[in-house]
2 protein chains.
Amino acid sequence: MPSDIVLIRPSTTEAADGIEKALSSHLFLIVIGKCQVEYRGRARSKLPGGERVLLVKEDGSILIHRKKDYSPVNWQPPGSLFYSEVHDSLLKIRALRRQPHESLEIEFESVRLVAGLALRDEAEFVLHADEAEMKRAVLLKPALIMEGFSPSESEKPLDSGFIDLYGKDAAERQVVVEFKKDTASKEAVLQLSRYINELRARIPHRTFRGILAAPALRKDANRLLKTFGFEFVRLDPRQCAEIISQAPPSLTLTKYLSQ
Amino acid sequence: MPSDIVLIRPSTTEAADGIEKALSSHLFLIVIGKCQVEYRGRARSKLPGGERVLLVKEDGSILIHRKKDYSPVNWQPPGSLFYSEVHDSLLKIRALRRQPHESLEIEFESVRLVAGLALRDEAEFVLHADEAEMKRAVLLKPALIMEGFSPSESEKPLDSGFIDLYGKDAAERQVVVEFKKDTASKEAVLQLSRYINELRARIPHRTFRGILAAPALRKDANRLLKTFGFEFVRLDPRQCAEIISQAPPSLTLTKYLSQ
DNA sequence: ATATGCATGTCGCAC
DNA sequence: GTGCGACGTGCATAT
């Protein structure tokens, strides 16, 4: 790979040269060295000197990782603009972002490694079993909620939020379904109660059933659910995934509902 | 640094050796190469072959970054356990986590770079102007909320959540303050209304004032605020930061309130 | 562009 | 450990 850059223990001037090349060629850039970091924008932060790992990507995202923790100590989302300069053997990298206006300044005093690589990666990432998949499974097989359930509207807008799935039961009662892909907590029940409250206020003579559909229910959620008189339906993510896998994957939610 | 490991274009067997050493010495490990990734746990994901950057940290966190995007495509939080093996010149790395039980499997077919480094970094990260700082500023100067405001309790527990700051106004009316460090949205007003509702239900004969303290208010939040009869107080983050900077930094919130 | 809610969110703090 | 809310949250989606 002729464009590859790997510099071991370069001077800051040599490092700056490699970094410039990597940035202008839109390579994946890694810089490891002793630096201090300052952020100004939505908040402000200061990180005094220490050895860290800097990642810069071609889409203008930048991450600074310390020796611990999952999350970067400082960062800038994609779309940032980079500037670098050497001054008194200090290597300074700035990442600027508009909207919101914020800046990240990294100052290296010594560099242990610079790597600039063109990553070849065209693969498609696939994630299963999120909230959207649960809803899709229910639309394919409404009996997952209850026998005779008939969905009519997805993401129905109310003042207090959006109903995940709206429909009727076999007795023509209105049904409000709230999905949670993980163990449902009190918050989910409160969300459901907000929707039902608003609906009951708007249409006083109808009966509304509140359904919380999730793989499990936390104890506090169960108590609150009974207080409000709502119902819990256990939905197994794996079962949902299986139902999805047997259906054509290209159908959108809107299409399901307008069938 | 005798423990440093840098391998350029190693065979998978050589790479595995370096990776083993890095993992057992708890170094910061970087592996760049062509790999496929599979995750099973709270959800499931599959990423077919392509070149990526793998980071493994001494605290048991692991990140896989692609050439774009701020967030890692796959990861595991701190506390994961690592296993590696070579089989048919395929280098496999597994990261396991209990509670919740989830696993990440990375299979390298070729490696462009392995780096294992001990990062020296003892610096303390400081973040200014978050919600906690706003509260601290108000405790130092309660008039920021209103003339004669007297805070009495921080994070006061209710069934429906925790009140950011609780106190009295000059006329001995109860005051509930909700802080937002950014432009406040509808959610903030609904949160405030939950608290006030519960308080009014519990203590029917008292008057409660709901205050939303934030740098700005979104249009929908303003409407809802008027509906509920709550009040908005503009709090400038920079002003808060200034007030903080003039006070001894070591005082905790509890100390402020018990003074 | 703004608004809204999800996320394998993560993280810290209180119980 | 569980519960709960903040986060420089980031992110997709719908309007």
Side-chain angles (χ1 to χ4, degrees), chain A residues 38-45 61 63 68-79 97 99-104 125 127-135 154-155 157-164 178-183 185-188 190-191 218-221 237 252-254, chain B residues 38-45 61 63-64 69-80 95 97-104 125 127-135 154-155 157-164 178-183 185-188 191 218-221 237 252-254:
Chain A
E38 207 171 331
Y39 162 79
R40 286 159 191 274
R42 289 169 287 177
R44 241 174 294 183
S45 79
S61 48
L63 307 156
K68 295 187 179 191
D69 298 332
Y70 156 82
S71 25
V73 61
N74 281 109
W75 71 93
Q76 210 71 280
R97 188 189 177 201
Q99 197 63 29
H101 188 76
E102 47 189 357
S103 80
L104 189 59
F125 178 70
L127 179 67
H128 310 278
D130 51 359
E131 193 173 304
E133 295 252 316
M134 292 177 71
K135 194 195 294 177
S154 171
E155 297 300 329
L158 296 183
D159 285 353
S160 41
F162 293 80
I163 294 176
D164 280 348
E178 173 69 26
F179 291 97
K180 287 295 162 206
K181 78 172 178 47
D182 290 321
T183 302
S185 73
K186 196 170 61 177
E187 277 307 308
L190 287 169
Q191 211 173 7
R218 224 156 58 185
K219 206 164 29 177
D220 61 321
T252 64
L253 289 178
T254 341
Chain B
E38 208 171 329
Y39 163 77
R40 287 159 190 274
R42 287 169 286 178
R44 241 174 295 187
S45 78
S61 48
L63 307 155
I64 299 156
D69 298 331
Y70 156 81
S71 27
V73 61
N74 283 110
W75 72 93
Q76 208 73 276
S80 306
R97 188 190 178 202
R98 320 284 200 216
Q99 197 62 26
H101 189 77
E102 48 189 356
S103 80
L104 190 58
F125 178 69
L127 179 67
H128 309 279
D130 51 0
E131 194 174 302
E133 294 253 318
M134 291 177 73
K135 195 194 295 180
S154 171
E155 297 300 330
L158 296 183
D159 285 353
S160 40
F162 294 80
I163 295 176
D164 281 347
E178 173 69 27
F179 291 97
K180 288 294 162 204
K181 77 174 178 48
D182 290 321
T183 303
S185 74
K186 196 170 61 177
E187 276 309 307
Q191 214 173 87
R218 224 158 58 187
K219 206 165 31 180
D220 60 321
T252 64
L253 289 179
T254 341

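The figures here come from the full heavy-atom set of this structure, side chains too, leaving out hydrogens, waters and symmetry mates. Proteins get letters first, then strands, A, B, ... in listed order; numbering begins at 1 in each.
Between the CG atom of B:L158 and the P atom of D:dG3 there is a distance of 19 Å, given to the nearest Å. Note: NZ (B:K135) to C1' (C:dG12) measures 13 Å, nearest angstrom. One interatomic measurement links the two molecules: CG of A:L127 to P of C:dA7, which rounds to 9 Å at whole-angstrom precision. Distance CD (B:Q76) to P (C:dT8): 13 Å, rounded to an integer number of Å. B:E133 places its CD atom 12 Å from the P atom of D:dG8, with the value rounded to the nearest Å.
Minimum interatomic distance between A:P78 and B:D69 (heavy atoms only, all atoms of both residues): CG-CA, 4.2 Å. Shown here for B:S154 and B:K135, the closest heavy-atom pair between the two residues is OG-NZ, 3.1 Å.
Looking at heavy-atom distances under 4.0 Å, B:P237 makes no contact with the nucleic acid at all. Within the nucleic acid shown, A:P78 comes within 4.0 Å of sugar-phosphate atoms alone, with no base atom in reach, counting heavy atoms only.
Using a 4.5 Å heavy-atom threshold, the side chains of B:E155 and B:D164 count as touching. Using a 4.5 Å heavy-atom threshold, the side chains of A:P77 and A:R97 count as touching.
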Pull out every protein N or O sitting under 3.5 Å from an N or O of nucleotides 4-6 of chain C, one pair per line with the distance.
{"from": "C:dT4", "atom 1": "OP2", "to": "B:R218", "atom 2": "NH2", "distance (Å)": "2.9"}
{"from": "C:dT4", "atom 1": "OP2", "to": "B:D220", "atom 2": "OD2", "distance (Å)": "2.5"}
{"from": "C:dC6", "atom 1": "OP1", "to": "A:K180", "atom 2": "NZ", "distance (Å)": "3.3"}

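Mapping B:D69 and B:F125 onto DNA chain D via the closest heavy atom, the residue that lands nearer the 5' end is B:F125. Across the interface with DNA chain C, nearest-nucleotide mapping of B:W75 and A:Q99 shows A:Q99 to be the residue nearer the 5′ end.
For the P atom pair drawn from C:dT8 and D:dC4, the interatomic distance equals 22 Å after rounding to whole Å. Comparing C:dG5 with C:dG9, their C1' atoms are spaced 13 Å from each other, to the whole Å.
Residues satisfying the side chain to side chain contact (heavy atoms under 4.5 Å, CB included) test with B:P72, not counting sequence neighbours, are A:Y70, B:L63, B:H65, B:W75.
With hydrogens and angles ignored, a donor-acceptor pair under 3.5 angstrom links the side chain of B:N74 to the base of C:dT8. Applying the 3.5 Å distance criterion, the base of D:dG8 shares a donor-acceptor pair with the side chain of A:Y39.
Stem regions annotated for DNA chain D: C:1-7 with D:9-15, C:9-15 with D:1-7, counting only runs of 3 or more consecutive pairs of Watson-Crick or G-U type with both contacts under 3.5 Å.
Considering A:R40, A:R44, A:R42 in turn, A:R42 is the only one that fulfils the side chain to side chain donor-acceptor pair (under 3.5 Å) rule with A:E102.
Contact annotation: B:S71 side-chain N/O to D:dC11 OP1/OP2 distance is under 4.0 Å. Using a 4.0 Å cut-off, some side-chain N or O of B:R42 falls inside it from OP1 or OP2 of C:dG9.
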Requested in this report: Apply side-chain contact (heavy atoms from CB on, under 4.5 Å) to the pair A:K180 and A:Q191, showing each step before the final yes or no.
Outcome: CA-CA 11 Å; A:K180 287 295 162 206; A:Q191 211 173 7; 3.6 Å; yes
